[in-house]
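In what follows, a single structure is set out as structure tokens and then discussed.
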Number of protein chains: 2
Amino acid sequence: MVTLKDISEYCGVSNSTVSKALNGQKDISKQTAQRVRDAAQKLGYLPNSAARSLKTNKTLNIGVLFVDKTSSGLRHEYFSGMLESIKSAAESKGYDITFISRNLGERQMSFYEHAKYRGCDGVVIASVDFSNPDVIELVNSEIPTVTVDYVYDRCSSVLSDNLDGMKQIAEYVFSKGHRRVAVIHGENTSVTQKRMASFRSTCKRLGLILDEKLIKEARYHDPKLSALATREFLDLDDRPTCIIYPDDFSFIGGKNIIEQRGLKVPDDISVIGYDGILLSQILRPKLTTYKQNSVEIGKIAVQKLIEQIEEPSLSIPEIISVTGKLLKGETVKEL
Amino acid sequence: MVTLKDISEYCGVSNSTVSKALNGQKDISKQTAQRVRDAAQKLGYLPNSAARSLKTNKTLNIGVLFVDKTSSGLRHEYFSGMLESIKSAAESKGYDITFISRNLGERQMSFYEHAKYRGCDGVVIASVDFSNPDVIELVNSEIPTVTVDYVYDRCSSVLSDNLDGMKQIAEYVFSKGHRRVAVIHGENTSVTQKRMASFRSTCKRLGLILDEKLIKEARYHDPKLSALATREFLDLDDRPTCIIYPDDFSFIGGKNIIEQRGLKVPDDISVIGYDGILLSQILRPKLTTYKQNSVEIGKIAVQKLIEQIEEPSLSIPEIISVTGKLLKGETVKEL
DNA sequence: TTGTAGGCGTTATCAG
DNA sequence: CTGATAACGCCTACAA
């Protein structure tokens, strides 16, 4: 391994001169600096990050907390897309991404301990159980953190705008003349709560009476449960004219039931998804859905985190909402 | 930050005694060891990985090379599933996962340089352009590597058994009585070559005459191109009785065309996918496909890599083939 | 069984 | 402009 020392010997200058030259300090003569850089290049020098961060207490390393609580985890395109974007945003700023978990070596450690041990400059927290004490410990620690889709008091967060999403969906459906609209929602998380609150308030605003029989809980990314709920809706005497699904993927379950009954989308029943994953736009008829901007969310989360890392004094906890976009598709019929 | 020194002062013993006690060396008396451990616990001591790896030249850190050459990258469930499994396999052995890329800080660096800089103990290489000189440099370096779905001379690799996959598909289709079978394949990679070679040889073995008009190139994970190819097949005078798609997701493109023509799967035309992603088993009729065992592939890749890291002398380059499983589904009709 | 001392590769301070 | 020198936190001969 080529070290600073090798270069200093090769060039006949001191250790510190080499260090300064390579780090672009300006108290080194142009010629020496050039000579040192050439030598470094020639000898194939690479800095040693461990030594460097031992000294500087910086690692250029961002931790990512991504526990697949739902066990669909990275298989969910919303999250894999976000990860991809976190990765490339971090890379473009010169940071690496390391997954944070609970165990390292023989030791069991908390997320905070892990991040600390690895010297992460900051951590992006997404897709975890936010009520977990371990997560809370991390958020309350001195390590900069940014959360996605959940708000803690002292920590910046980036939120997919679920209020807007559901509002747009409800308004669109209403504008198409639907008055009996069923909703299948995911498990009870803060995301779900926001979506449903938005749905209810939008209904109220539009003067739409809510029938609680038309609201059912299923799970995100679980087509089977959405299929069940769909069946129950279709069995009602006064069946809804439109069903809103927890997400695009779950809709596939509903689709099967609908087709099995010999019904046609959207002629016999309208449907609408959530997420805007690739699949939604490939299906025919093209699915009406609200596209969450997972790429933007990941990007902003990283930006905000790096800002906090590099300018801790200037950076204040902030809640950033990222709106998505209604993709009109072809599955909501004009009544 | 609590360091070894703090503990040593607290306990009134030396630095090295603490270090040894914490690392379970047995030349420390039971009582002292216990006292030290208690103090460490009490003070909230955490080892500093940078300092440790500076000394030991180990980081307990595995790099992952995951460049989305196809730009669908992690959005492809085959890869996101594999990553998830790499992550958890590494975690269970006490290793962390860090993504390797080309840039760090202001510097542009090669993959090798990046991995070296980060001190990765080893690197798993998956989903990249394997002909890239940078990738080759990494593989030929002193850093242990394992590749997925590609074989280099001196490096262990884990392969999804594409020969078996295509063989099973062909045999199954044949056993169902199909004789005019069309294939849409992905872009020209070694994976594609293996699948096609396997298809051709299986056809030959079964005495099936290959009609080159029934083979078309599209791209993986690209429903549009598969839709085009499907259309051309359906326009043929003597249309195939079965179409094999490059992957499950691409099949959706074909499905649209088929339905648009008013044809029914499998009554009017049989179809078969590849990958066995969640979607395939949700579709109705359930898609016949070959499920690649991405979880197993990721797990084995990590195992093999860690073996190589920890026992370099015992570990020899090895090519491990992971077979998948034909999911019979309902989209191939008995003729 | 415990302690001393040196060094891993860097950076930073301060004197020349 | 350049060079000694001392850290950063940890591990490990070797000495006691």
Side-chain angles (χ1 to χ4, degrees), chain A residues 1-37 39-40 43-61 104-107 113 115-121, chain B residues 1-37 39-40 43-61 104-107 113 115-121:
Chain A
M1 156 168 269
V2 184
T3 70
L4 278 191
K5 199 160 162 245
D6 297 321
I7 302 182
S8 70
E9 280 164 6
Y10 182 87
C11 289
V13 296
S14 81
N15 224 324
S16 41
T17 302
V18 175
S19 171
K20 288 175 190 169
L22 256 28
N23 289 317
Q25 316 263 67
K26 45 196 52 181
D27 60 345
I28 297 289
S29 76
K30 290 238 158 172
Q31 311 115 50
T32 330
Q34 191 56 51
R35 203 152 50 89
V36 167
R37 275 190 301 256
L43 300 180
Y45 169 76
L46 276 180
N48 177 316
S49 70
R52 179 176 280 175
S53 51
L54 180 57
K55 199 53 198 166
T56 61
N57 266 320
K58 300 224 165 305
T59 55
L60 285 180
N61 196 102
L104 199 57
E106 294 90 56
R107 287 182 76 125
E113 288 171 333
K116 186 87 185 162
Y117 169 77
R118 252 327 155 199
C120 293
D121 293 334
Chain B
M1 156 167 268
V2 184
T3 69
L4 278 190
K5 202 165 160 235
D6 297 319
I7 302 181
S8 70
E9 279 165 8
Y10 182 87
C11 291
V13 297
S14 83
N15 226 323
S16 49
T17 304
V18 175
S19 171
K20 287 177 191 166
L22 257 28
N23 289 318
Q25 314 264 69
K26 44 194 54 178
D27 59 347
I28 299 289
S29 76
K30 288 234 162 177
Q31 311 116 49
T32 328
Q34 191 55 50
R35 202 151 50 88
V36 167
R37 273 191 301 257
L43 300 180
Y45 169 76
L46 276 179
N48 177 316
S49 70
R52 179 177 280 175
S53 54
L54 181 56
K55 199 53 200 171
T56 59
N57 266 318
K58 299 221 166 306
T59 55
L60 285 180
N61 195 102
L104 201 54
E106 294 87 59
R107 286 182 77 126
E113 288 172 333
K116 187 85 185 165
Y117 169 77
R118 250 330 154 199
C120 294
D121 293 335

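Chain letters run A, B, ... following the sequence lines, proteins first, then strands; residues in each count from 1.
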B:N23 atom CG is separated from D:dG9 atom P, nearest whole Å, by 17 Å
What's A:K5 touching, base or sugar-phosphate or nothing? Going by heavy atoms closer than 4.0 Å.
nothing
Could you check whether A:T32 gets within reach of a base, just the sugar-phosphate, or nothing at all, counting any heavy atom under 4.0 Å?
sugar-phosphate
Distance check needed: D:dC11 C1' versus B:N57 CG, whole Å only.
12 Å
Rounded off to whole Å, could you give me the CD1-to-P distance for the B:I7 and C:dG3 pair?
14 Å
The answer to which of A:D27 and A:L4 contacts DNA chain C further toward the 5' end, by nearest nucleotide, is A:L4
Looking at D:dG3, I'd like to know if its phosphate oxygens (OP1 or OP2) sit under 4.0 Å from a side-chain N or O belonging to A:S14.
yes
Separation of atom CD in A:Q25 from atom P in D:dT2, rounded to whole Å:
13 Å
Rounding to an integer number of Å, can you tell me how far A:K20 NZ sits from C:dT11 P?
12 Å
N or O in side chain of A:R52 less than 4.0 angstrom from C:dT11 OP1/OP2:
yes
In whole Å, what is the span from the CE atom of B:M1 to the C1' atom of D:dG9?
8 Å
OP1 or OP2 of D:dT2 under 4.0 Å from side-chain N/O of A:S29:
yes
Using the closest heavy atom to pick a nucleotide of DNA chain C for each, name whichever of B:L54 or B:I28 lands nearer the 5' end.
B:I28
Pair B:Q34, B:Q31 - check side-chain contact (heavy atoms from CB on, under 4.5 Å), show working.
CA-CA 5 Å; B:Q34 191 55 50; B:Q31 311 116 49; 5.8 Å; no
Please determine whether a side-chain nitrogen or oxygen atom of A:Y45 lies at a distance below 4.0 Å from atom OP1 or OP2 of C:dT10.
yes
Are OP1 or OP2 of D:dA4 and a side-chain N or O of A:S16 less than 4.0 angstrom apart?
no
